[in-house]
Amino acid sequence: PILHRTGADLVINWTYEDENWREVVNMYDFRAALAYALDKEEIVDSVYFGFAEVATDYTIPEYDPQKAAELLDGIGMTVGAPIPTAIPAP
(Lines give C-alpha, C1' and ligand atoms only; values in the text may rest on other atoms or scores of the structure.)
Protein backbone atom coordinates (compact mmCIF):
# COMPACT_ATOMS: atom_id res chain seq x y z
CA PRO A 1 0.00 0.00 0.00
CA ILE A 2 1.00 3.61 -0.52
CA LEU A 3 1.89 5.00 2.90
CA HIS A 4 2.28 8.65 1.96
CA ARG A 5 0.27 10.42 -0.69
CA THR A 6 1.26 14.06 -0.22
CA GLY A 7 3.56 16.30 1.74
CA ALA A 8 0.60 17.04 4.00
CA ASP A 9 -0.01 13.54 5.39
CA LEU A 10 -0.73 13.46 9.10
CA VAL A 11 1.15 10.84 11.07
CA ILE A 12 1.40 10.03 14.75
CA ASN A 13 4.79 10.03 16.43
CA TRP A 14 4.81 6.57 17.99
CA THR A 15 8.32 6.91 19.41
CA TYR A 16 8.08 10.27 21.19
CA GLU A 17 10.06 10.06 24.43
CA ASP A 18 7.10 10.90 26.68
CA GLU A 19 5.75 7.61 28.07
CA ASN A 20 2.26 9.07 28.60
CA TRP A 21 2.07 10.11 24.95
CA ARG A 22 3.19 6.68 23.76
CA GLU A 23 0.64 5.02 26.02
CA VAL A 24 -2.17 7.15 24.58
CA VAL A 25 -1.25 6.78 20.90
CA ASN A 26 -0.92 3.02 21.33
CA MET A 27 -4.59 2.85 22.37
CA TYR A 28 -6.71 1.72 19.43
CA ASP A 29 -9.71 3.74 20.64
CA PHE A 30 -7.65 6.95 20.68
CA ARG A 31 -6.51 6.43 17.11
CA ALA A 32 -10.02 5.46 16.03
CA ALA A 33 -11.39 8.61 17.71
CA LEU A 34 -8.94 10.71 15.69
CA ALA A 35 -10.16 9.07 12.51
CA TYR A 36 -13.80 9.75 13.39
CA ALA A 37 -13.04 13.33 14.51
CA LEU A 38 -11.41 14.41 11.25
CA ASP A 39 -13.89 15.73 8.70
CA LYS A 40 -12.03 14.53 5.62
CA GLU A 41 -14.41 16.23 3.16
CA GLU A 42 -13.99 19.54 4.98
CA ILE A 43 -10.20 19.15 4.82
CA VAL A 44 -10.40 18.50 1.06
CA ASP A 45 -12.63 21.55 0.58
CA SER A 46 -10.78 23.94 2.92
CA VAL A 47 -7.15 22.95 2.49
CA TYR A 48 -7.11 21.66 -1.07
CA PHE A 49 -9.96 23.88 -2.36
CA GLY A 50 -11.70 20.78 -3.68
CA PHE A 51 -8.72 19.73 -5.82
CA ALA A 52 -8.23 16.46 -3.94
CA GLU A 53 -10.20 13.40 -2.98
CA VAL A 54 -10.63 11.55 0.27
CA ALA A 55 -8.63 8.32 0.07
CA THR A 56 -10.74 5.28 -0.71
CA ASP A 57 -8.11 2.55 -0.95
CA TYR A 58 -8.43 1.63 2.71
CA THR A 59 -11.16 1.74 5.32
CA ILE A 60 -11.70 5.24 6.64
CA PRO A 61 -14.56 5.90 9.03
CA GLU A 62 -17.03 8.61 8.16
CA TYR A 63 -16.86 11.89 10.08
CA ASP A 64 -18.71 11.26 13.34
CA PRO A 65 -17.74 13.60 16.20
CA GLN A 66 -20.22 11.92 18.55
CA LYS A 67 -18.56 8.52 18.00
CA ALA A 68 -15.15 10.16 18.53
CA ALA A 69 -16.35 11.66 21.82
CA GLU A 70 -17.73 8.30 22.96
CA LEU A 71 -14.43 6.56 22.23
CA LEU A 72 -12.46 9.25 24.06
CA ASP A 73 -14.86 9.10 27.02
CA GLY A 74 -14.32 5.35 27.10
CA ILE A 75 -10.59 5.79 27.66
CA GLY A 76 -11.05 8.54 30.24
CA MET A 77 -10.53 11.57 28.00
CA THR A 78 -13.65 13.50 28.86
CA VAL A 79 -14.62 17.08 28.11
CA GLY A 80 -13.12 19.32 30.73
CA ALA A 81 -10.32 16.94 31.69
CA PRO A 82 -7.04 18.74 32.36
CA ILE A 83 -4.62 18.94 29.45
CA PRO A 84 -1.03 20.11 29.37
CA THR A 85 -0.64 23.78 28.53
CA ALA A 86 2.57 23.15 26.65
CA ILE A 87 4.20 20.15 25.06
CA PRO A 88 7.97 20.19 25.38
CA ALA A 89 9.94 20.06 22.16
CA PRO A 90 11.84 16.82 21.58
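From a predicted model like this one, the values you see are computed outputs, not experimental measurements. Computation of the quantities below employed the complete heavy-atom set of this structure, encompassing side-chain atoms and omitting hydrogens, waters and symmetry-equivalent molecules.
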To check you understand the geometry: which heavy-atom pair defines the closest contact between [X] and [Y], and what is its length?
| X | Y | value |
| --- | --- | --- |
| E17 | R22 | O-NH1, 3.0 Å |
| F30 | L72 | CD1-CD2, 3.9 Å |
| A37 | Y63 | O-CE1, 3.4 Å |
| V25 | R31 | O-NH1, 2.9 Å |
| K40 | L38 | NZ-O, 2.9 Å |
| S46 | F49 | O-CE2, 4.0 Å |

Between E53 and V44, is there a side-chain heavy-atom distance shorter than 4.5 Å?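 They are not in contact (no side-chain heavy atoms under 4.5 Å apart), so the answer is no.
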
So L71 and M77, do their side chains get closer than 4.5 Å, heavy atoms only?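 Not in contact.
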
CD/E42: more than 12 non-hydrogen atoms of other groups inside 6.0 Å: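 Correct, the count exceeds 12.
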
Would you give the length of the straight line joining atom CD of E23 to atom CD1 of I75, rounded to the nearest 0.5 angstrom?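 Interatomic distance, E23 CD to I75 CD1, rounded to 0.5 Å: 9.5 Å.
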
So how far is it from Q66 CD to Y36 OH, rounded to the nearest 0.5 Å?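 The CD atom of Q66 sits 12.5 Å away from the OH atom of Y36.
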
Would you say the side-chain atoms of W21 pair up with the backbone N or O of T15, donor to acceptor, closer than 3.5 Å?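 Side chain of W21 to backbone of T15: no pair is present.
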
Trace of the side chain to side chain contact (heavy atoms under 4.5 Å, CB included) decision for D64 with E62: CA-CA 6 Å; D64 187 345; E62 293 293 321; 5.7 Å; no

CA sep, side-chain torsions, deciding dist, call: I12, L34, side chain to side chain contact (heavy atoms under 4.5 Å, CB included): CA-CA 10 Å; I12 296 174; L34 285 179; 3.9 Å; yes

Is there a path of hydrophobic side-chain contacts, each under 4.5 Å between heavy atoms, that joins W14 and V24?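 Yes; V24 is reachable from W14 via cluster members.
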
